[in-house]
Amino acid sequence: MTQASGSPQAPKKIAVIIGSTRPNRIGDKVAALVKSVLEGSTPENALTPSPILSLVDIAAFNLPVFNEAIMPAMVPSYGEFAHEHSKLWSAEIGKYDAYVFVTAEWNFGLPGTTKNAIDYLYNTWIGKPVMIVSYGIMGGMSASDNLKKTLDGMHLQVVDTRVSFTFPDADPAKNNSSPGLMAAAGGKLIDPVAERWTTEGKDKLVKAYGELQAKLV
Ligand SMILES: Cc1cc2nc3c(=O)[nH]c(=O)nc-3n(C[C@H](O)[C@H](O)[C@H](O)COP(=O)(O)O)c2cc1C
């Protein structure tokens, strides 16, 4: 059926991807915080109707270490994935017009489980816009840089503004440990950290979200 002239367009769909797969992670809480800030914002270039944001949890797909015989770049022109987990993950990512990646930093880089999940994908998301949010002792910048390089290489459109959250009250005498980091090890995003990231992170989050929406027009 053709859409009547002047009728509203369908809202764009944006996935907020939870990168960390640890059982007692904070990644799910950070992604929820980011989603809530973005939903309450009116950035420059805001689309009408407002996009619909959905959390997408890599951990829920239980992806094994990449085990497809076919290269994802050859799907579907030259063949299909053999495994159900690959089909489900790729189909989920394919539902969205854009992405907000929320990544932890493990051992000075992108968590291996996040990279593994990305390695299952190609045609389902190339060309689409993506913004990157990272968190860690140094704001997760090494992970953010790794992720940007990978997504640029896969021909996604990474927005210029990248958001990074640093655990407050780091003690240089103790390897930059902090109460927030210690709590995060056990999966708790304590209030002072959540409040800091919500208030101090808001302007940059909204700026990046505006850049993301500008690429969706
Ligand atoms: C295996 C592992 C390695 C880590 N390496 C780093 C690191 O290199 N840089 C950093 O800032 N934090 C590092 N951390 C601390 C994380 O920032 C912190 O645990 C955070 O909660 C991880 O996010 P998640 O809970 O969502 O997995 C590491 C944590 C784990 C579990």
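Predicted model, so just to flag it, every value in this text is computed and none were measured. Indexing begins at 1, ligand by ligand and atom by atom, following the structure's order.
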Within the supplied structure, the quantity of interest is the number of heavy atoms (other residues, nucleotides, ligands) at a distance under 6.0 Å from K215 NZ; does it exceed 12? yes
Which one of A104, A184, P23, G27 has a non-hydrogen atom at the shortest distance from atom 22 (C) of ligand 1? A104
For T21 and ligand 1, answer yes if some heavy atom of the residue is under 4.0 Å from a ligand atom, otherwise no. no
At under 4.0 Å between heavy atoms, what of R22 touches ligand 1? The answer is side chain
Does the side chain of K204 reach to within under 4.5 Å of the side chain of T161, using non-hydrogen atoms? yes
Under 3.5 Å: donor-acceptor pair, side chain of S90, backbone of L121: no
Taking NZ, NE, NH1 and NH2 as the nitrogens, is one of them in K149 or D145 under 4.0 Å from a carboxylate oxygen of the other? no
Please confirm whether G109 comes within less than 3.5 Å of ligand 1 when only nitrogen or oxygen atoms on both sides are compared. no
Is E211 salt-bridged to K207, cutoff N-O under 4.0 Å? yes
Spacing of L47 atom CG and L212 atom CG [to the nearest 0.5 Å]: 9.0 Å
Tell me the protein heavy atom at minimum distance from atom 27 (O) of ligand 1, and give that distance in Å. S20 OG, 2.7 Å
If you define the side chain from C-beta out and look only at heavy atoms, does anything of Q213 sit under 4.5 Å from P51? yes
Heavy atoms only: which of N107, V102, L189, I137 lies closest to atom 11 (O) of ligand 1? I137
Atom 9 (N) of ligand 1 - nearest protein heavy atom and its distance: E105 OE2, 3.1 Å
Enumerated ligand 1 atoms positioned under 4.0 Å from heavy atoms of G136: 11 (O), 17 (O)
Tell me whether the rings of W197 and Y135 are parallel (<30°), tilted (30 to 60°) or perpendicular (>60°). tilted
Around atom 30 (C) of ligand 1, find the nearest protein heavy atom and jot down its residue, atom name and distance. W106 CD1, 3.9 Å
With a 6.0 Å cut-off on ring centres, are F61 and W89 close enough? yes
Select one of side chain, backbone, both or neither to describe which atoms of V30 lie under 4.0 Å from any atom of ligand 1, heavy atoms only. neither
Enumerated ligand 1 atoms positioned under 4.0 Å from heavy atoms of Y135: 23 (O), 24 (P), 26 (O)
Please list the nearest protein heavy atom to atom 15 (C) of ligand 1 with its residue and the distance rounded to 0.1 Å. L181 CD1, 3.8 Å
For atom 8 (O) of ligand 1, find the nearest protein heavy atom and state the residue, atom name and distance (0.1 Å precision). F108 N, 2.7 Å
